[in-house]
Amino acid sequence: MGVSASFLPLFAGTASPERARRLLGTLEAWAGRVRYLVPSTDPSSPRFEAQRYWRGPVWAVVNYLIALGFSEYGYGEMAGRIRQDTLELCETAGFSEYFHPLTGQGLGGGSFSWTAAIYLAWSQSPHTPGAGGSL
C-alpha cells in the first residue's frame with residue numbers, strides 16, 4: 001500500500017470488511033502525517049514528494065471516490081473528514097488541479113473543472129457521499 005488508488009476497492013465495492021478496516025487504519029496513519037487528506041502517496045514513503053504531481057498532492061476528484069467508498073463501508077467519520085478537508089482546500093486555495101497535503105497550497109493548473117465539480121457537489125449537500133443516497 002503506498003498510493004491513494006489503493007483505497008479505491010472501497011469505491012468499487014470489492015473490499016472485504018476486513019480489508020476495509022485495514023484501509024481505514026492505513027488512512028488514519030497517513031492522517032497523522034499530513035494536514036489534508038488524501039495525499040496521493042503514503043507520506044511515510046521515501047517516494048513522497050508533497051508538490052510533485054502523483055507523488056503526494058491531494059486531488060479532489062480522487063478524494064470524492066475514496067470518501068464515497070469509506071461512506072459505503074460505514075466509515076462516515078473518515079468520509080466526512082475527507083469531504084471537509086477537500087472543501088477547505090477549495091475555499092482557501094481555489095479550484096486548483098491538486099493541493100499540497102501539508103500546507104494546502106493550490107498546485108498545478110488554477111481553474112480545474114473537476115475540482116470545481118467536486119466542490120459544488122459537496123458544498124451544496126449537507127451529507128457525506130453515500131449518506132442518505134446523497135452524492
Side-chain angles (χ1 to χ4, degrees):
M1 170 97 42
V3 297
S4 58
S6 301
F7 300 102
L8 294 180
L10 299 170
F11 172 73
T14 61
S16 68
E18 174 55 33
R19 183 167 184 202
R21 281 190 295 279
R22 287 194 317 267
L23 290 170
L24 176 65
T26 296
L27 192 53
E28 288 171 341
W30 290 19
R33 296 181 172 271
V34 296
R35 166 60 188 95
Y36 299 98
L37 292 177
V38 175
S40 52
T41 298
D42 179 349
S44 68
S45 169
R47 295 176 188 237
F48 176 77
E49 295 180 46
Q51 295 186 120
R52 190 164 180 209
Y53 217 56
W54 288 103
R55 292 219 175 173
V58 174
W59 296 76
V61 69
V62 176
N63 273 4
Y64 186 84
L65 300 175
I66 293 170
L68 183 58
F70 274 113
S71 181
E72 291 299 320
Y73 275 81
Y75 296 111
E77 187 174 323
M78 180 56 77
R81 161 79 193 273
I82 295 166
R83 176 183 181 262
Q84 193 57 47
D85 283 2
T86 306
L87 288 171
E88 186 176 327
L89 287 166
C90 292
E91 289 166 359
T92 59
F95 300 131
S96 297
E97 183 178 5
Y98 49 95
F99 303 90
H100 194 292
L102 302 170
T103 68
Q105 175 188 358
L107 302 168
S111 298
F112 263 67
S113 59
W114 63 19
T115 303
I118 298 307
Y119 179 80
L120 288 172
W122 272 345
S123 67
Q124 295 183 9
S125 169
H127 302 288
T128 300
S134 168
L135 293 177

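Being a predicted model, the structure only gives us computed values, none of them experimental.
Under a cut-off of 6.0 angstrom, the local environment of CD in Glu77 is sparse, with at most 12 non-hydrogen atoms contributed by other residues, nucleotides or ligands.
Salt bridge annotation for Arg22-Glu18: present, with a cationic side-chain nitrogen under 4.0 angstrom from a carboxylate oxygen. Salt bridge status for Asp85 with Arg35: present, with a side-chain N to carboxylate O gap under 4.0 Å.
Every residue two or more places apart in sequence or in another chain that forms a side-chain hydrogen bond (donor to acceptor under 3.5 Å, both in side chains) with Arg55 is listed here: Glu49. Looking at residues two or more places apart in sequence or on another chain, you find a side chain to side chain contact (heavy atoms under 4.5 Å, CB included) between Phe112 and Glu97, Trp114, Thr115. For Phe95, the ring-ring contact (aromatic ring centres under 6.0 Å, His included) partners at least two apart in sequence or on another chain are Tyr119.
Minimum heavy-atom separation, Ala50 to Pro57: O-CG, 3.3 Å. The nearest pair of heavy atoms linking Ala15 to Ala20 is CB-N, 4.4 Å. In this structure, Trp122 and Ala67 approach most closely via the heavy-atom pair CZ2-CB, 3.8 Å. Residues Pro101 and Val34 approach most closely at O-CB, 3.6 Å, considering heavy atoms.
Side chains of Leu107 and Ser96 form no contact here, defined as non-hydrogen atoms less than 4.5 Å apart. Side-chain contact between Val58 and Val38 is absent, with no heavy atoms from C-beta onward closer than 4.5 Å. Side-chain contact check for Thr86 versus Ile118: some heavy-atom pair is nearer than 4.5 Å.
A distance of 15.5 Å separates CG in Leu68 from CZ in Phe7, rounded to the nearest 0.5 Å. Between the OH atom in Tyr73 and the CZ atom in Arg19 there is a gap of 9.0 Å [rounded to 0.5 Å]. To the nearest 0.5 Å, atoms CD1 (Ile82) and CZ (Phe70) are separated by 5.5 Å. Rounding to the nearest 0.5 angstrom, the gap separating the OG1 atom in Thr26 from the CZ atom in Arg21 is 13.0 Å. Interatomic distance, Leu37 CG to Trp30 CH2, rounded to the nearest 0.5 Å: 9.5 Å. The distance from atom CE of Met78 to atom CG of Leu27, rounded to the nearest 0.5 Å, is 4.0 Å.
Placement of Leu24 and Leu10 within a single hydrophobic cluster is found when ILVMFWY residues are connected by side-chain heavy-atom separations under 4.5 Å, directly or transitively. Val61 and Trp54 fall within the same hydrophobic cluster, defined by Ile, Leu, Val, Met, Phe, Trp and Tyr side-chain heavy atoms under 4.5 Å apart, directly or through other members. Hydrophobic clustering (ILVMFWY, side-chain heavy atoms < 4.5 Å, transitive): Tyr36 and Val3 are in distinct clusters.
Under a 3.5 Å cut-off, the side chain of Ser40 and the backbone N or O of Ser4 do not form any donor-acceptor pair.
Note: Trp59 and Tyr53 have perpendicular aromatic rings, judged against thresholds of 30 and 60 degrees for the angle between ring planes.
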